[in-house]
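Quick notes on the structure that follows.
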Amino acid sequence: MEHLQQNFSVKYSYNVFFTSSLFKANNPLLNRFLTNAATSGALKKILFVVDQGVADAHEHLCSEINAYFRVHTAVELVPEILIIPGGEQVKNDERYFELILEAVNNYSIDRHSYIAALGGGALLDMAGYAAAVAHRGVKLIRIPTTVLSQNDSGIGVKNSINYFGKKNFLGTFAPPAAVFNDDRFLTTLSERDWRSGISEAIKVALIKDQMFFDWIEENAPALVSRDAAAMNYLIWRCAQLHMEHIAGADPFESGSSRPLDFGHWSAHKLEYLSNFDIRHGEAVAMGIALDTVYSFLAGRLTALESERVVNLIQNLGFDISHELLRFSGENDPLLMGLEEFREHLGGELTITLLDGVGKGTEVHEIDTRLLKQASLALYNRQRELQQSKF
């Protein structure tokens, strides 16, 4: 039979800018970007969606945004700044997603205009999803405010909300127009949120860059003591490695391979099982520990390499296990995480393990006997550490 075939490619390009005090009147970076990205003849607007926690920590933020756009007029600032709760709740309750769509409609935000999402990774995910589906795509500017979002989730191409009790069940692959990493927002982070994002740097170093892993080991004390220079470098290098991966053969994950989710299959399940009391970065740290020890037990990693990884995680202040990760048998809820991970990717199960520090490898099956050994070893080690503190 006769048929028609169409082939085309679409080029995506966006910048991740690093700055400090983005909304100071004497910082032209954002206005310069908006001016250079101008579409001839189009009236451009910008709608800000701001994380409530960030607005509370930076009490003059909304005033600074308003003052900035009185001085810099490349686009028209929408008079209402949406203040929305941050954290995973914003992805669990679709009313926040609907609030953004209502604002897009009420303020006539079109495809030449921008939604600027300012906050942690969860808010960026949700706002990015709203931007991607409104008018089939409103331009998105991300302004990440946590370590985790500045070095990982905020600089990628994914947007999502949770649905059916599953993390990121609804979502899109839609690159941002630009990302602005402002280190001023890191200064007000809690200890948990400062530390949490470091786990993603450990992850990408373990699967891609041994020298970066060595650097994190050497600079762990500085990172724990909140040394700004050390953290800025960690964020920059981690973001660079993530962006290099995104530029590879499968940026929109059409296959079943997802090496950047090393340590994540159990982390996603752990977040849900804990009702999100465990931060994403904390769950990822435990997931990295679990998959590292499993890699050792499977003969892929030496005992010394495995110990280096687990020690680093602990030295940075992370727990390496949790009661919910205490693998108990074939019907354990943790195993559901494996199946949900396979289902989320489509096709066969694909898990990244380690063949060495800096060497990720993909496998398509997991030995539950070894998984149980790994989980119990880490659980017992965590319990002994906790008991020694009393």
Side-chain angles (χ1 to χ4, degrees), residues 51-53 85-94 96 119-126 146-149 152-153 160-171 189-200 202-203 261-294 310 313-314 316-344 351 366 368 371-372 374-387 389:
D51 189 313
Q52 178 74 64
E88 205 67 20
Q89 63 175 320
V90 83
K91 294 174 65 174
N92 290 329
D93 189 338
E94 57 261 39
Y96 300 117
L123 181 132
L124 298 183
D125 276 359
M126 184 277 294
T146 64
V147 173
L148 184 62
S149 56
D152 180 69
S153 58
S160 63
I161 60 174
N162 304 330
Y163 214 72
F164 295 132
K166 296 179 180 179
K167 190 173 176 72
N168 302 330
F169 186 86
L170 295 179
L189 293 178
S190 69
E191 290 300 322
R192 286 183 73 185
D193 287 328
W194 172 274
R195 181 179 63 246
S196 185
I198 300 174
S199 63
E200 294 288 358
I202 299 172
K203 172 207 72 179
D261 271 354
F262 170 63
H264 280 57
W265 72 266
S266 58
H268 286 170
K269 192 64 181 177
L270 179 58
E271 287 179 83
Y272 260 109
L273 291 173
S274 72
N275 196 29
F276 297 99
D277 287 338
I278 299 173
R279 302 278 209 281
H280 177 71
E282 294 166 341
V284 168
M286 296 182 217
I288 291 172
L290 180 62
D291 286 352
T292 296
V293 174
Y294 179 92
V310 176
I313 293 170
Q314 290 185 307
L316 287 166
F318 290 108
D319 288 342
I320 56 172
S321 187
H322 189 276
E323 180 68 38
L324 293 169
L325 284 180
R326 189 180 177 187
F327 190 80
S328 58
E330 296 299 321
N331 296 320
D332 193 279
L334 186 59
L335 278 183
M336 294 172 58
L338 278 173
E339 175 55 24
E340 290 172 8
F341 196 73
R342 183 205 64 76
E343 179 184 300
H344 187 64
I351 298 291
I366 291 290
T368 55
L371 185 62
K372 181 178 180 179
S375 70
L376 289 178
L378 288 165
Y379 176 78
N380 289 333
R381 179 168 172 169
Q382 179 68 40
R383 186 175 61 177
E384 289 172 5
L385 178 63
Q386 291 172 336
Q387 290 174 345
K389 294 179 179 179

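Computed from a prediction, not measured in an experiment: that's the story for all the values here.
Residues Ile288 and Phe262 share a closest heavy-atom pair of CG2-CE2, 3.9 Å. When all heavy atoms are compared, the tightest approach of Tyr96 to Pro85 is CE2-CD, 3.6 Å. Of all non-hydrogen atoms in Ala122 and Gly87, the two that sit nearest each other are CB-O, 3.3 Å. The nearest pair of heavy atoms linking Leu270 to Leu325 is CD2-CD1, 3.8 Å. In plain terms, the two heavy atoms of Ser190 and Arg279 that are nearest each other are OG-NH2, 4.2 Å. What you find for Met286 and Asp319 is that their closest heavy atoms are CG-O, 3.4 Å.
Side-chain contact, His280 with Glu88: no donor N or O sits under 3.5 Å from an acceptor N or O. At a cut-off of 3.5 Å, with distance as the only test, no side-chain donor of His264 or Glu271 sits close to an acceptor on the other residue.
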Test side chain to side chain contact (heavy atoms under 4.5 Å, CB included) on Asp152 and Lys203; report intermediate values, then the result. CA-CA 10 Å; Asp152 180 69; Lys203 172 207 72 179; 3.4 Å; yes

Check the pair Lys166, His268 against side chain to side chain contact (heavy atoms under 4.5 Å, CB included), reporting the backbone distance first and the verdict last. CA-CA 9 Å; Lys166 296 179 180 179; His268 286 170; over 6 Å; no

Residue pair Glu384, Arg381: steps toward the salt bridge (Lys or Arg N to Asp or Glu O under 4.0 Å) verdict: CA-CA 5 Å; Glu384 289 172 5; Arg381 179 168 172 169; over 6 Å; no

Derivation of the side chain to side chain contact (heavy atoms under 4.5 Å, CB included) call for Tyr294 and Ile351: CA-CA 12 Å; Tyr294 179 92; Ile351 298 291; over 6 Å; no

From CA spacing to verdict: side chain to side chain contact (heavy atoms under 4.5 Å, CB included), Trp265, Leu290: CA-CA 10 Å; Trp265 72 266; Leu290 180 62; 4.0 Å; yes

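Atom CG of Asn380 and atom CD of Gln387 lie 9.5 Å apart (nearest 0.5 Å). Rounded to the nearest 0.5 Å, atoms CG (Asp291) and OG (Ser266) are 5.5 Å apart. To the nearest 0.5 angstrom, Asp125 atom CG is 7.0 Å from Lys167 atom NZ. One finds the CZ atom of Arg192 at 13.5 Å from the OG1 atom of Thr146 (value rounded to the nearest 0.5 Å). Atom CD1 of Ile161 is separated from atom CE of Met126 by 8.5 Å, given to the nearest 0.5 angstrom.
Of the possible polar contacts, one joining the Ser196 side chain to the Gly281 backbone as a donor-acceptor pair under 3.5 Å is found. At distances below 3.5 Å, at least one donor-acceptor pair connects side-chain atoms of Gln382 with backbone N or O atoms of Ile320.
Here the side chains of Ile202 and Leu316 are in contact, with some heavy-atom distance below 4.5 Å. Within the 4.5 Å cutoff, the side chain of Glu282 has no heavy atoms near those of the Ser199 side chain. Annotation: side chain of Asn168 is in contact with side chain of Lys91 (closest heavy-atom distance under 4.5 Å).
If you run side-chain contact (heavy atoms from CB on, under 4.5 Å) between Val293 and each of Leu376, Leu378, Leu371, only Leu378 comes through.
Relative orientation of the Phe169 and Tyr163 rings is parallel, given thresholds of 30° and 60° on the angle between their planes.
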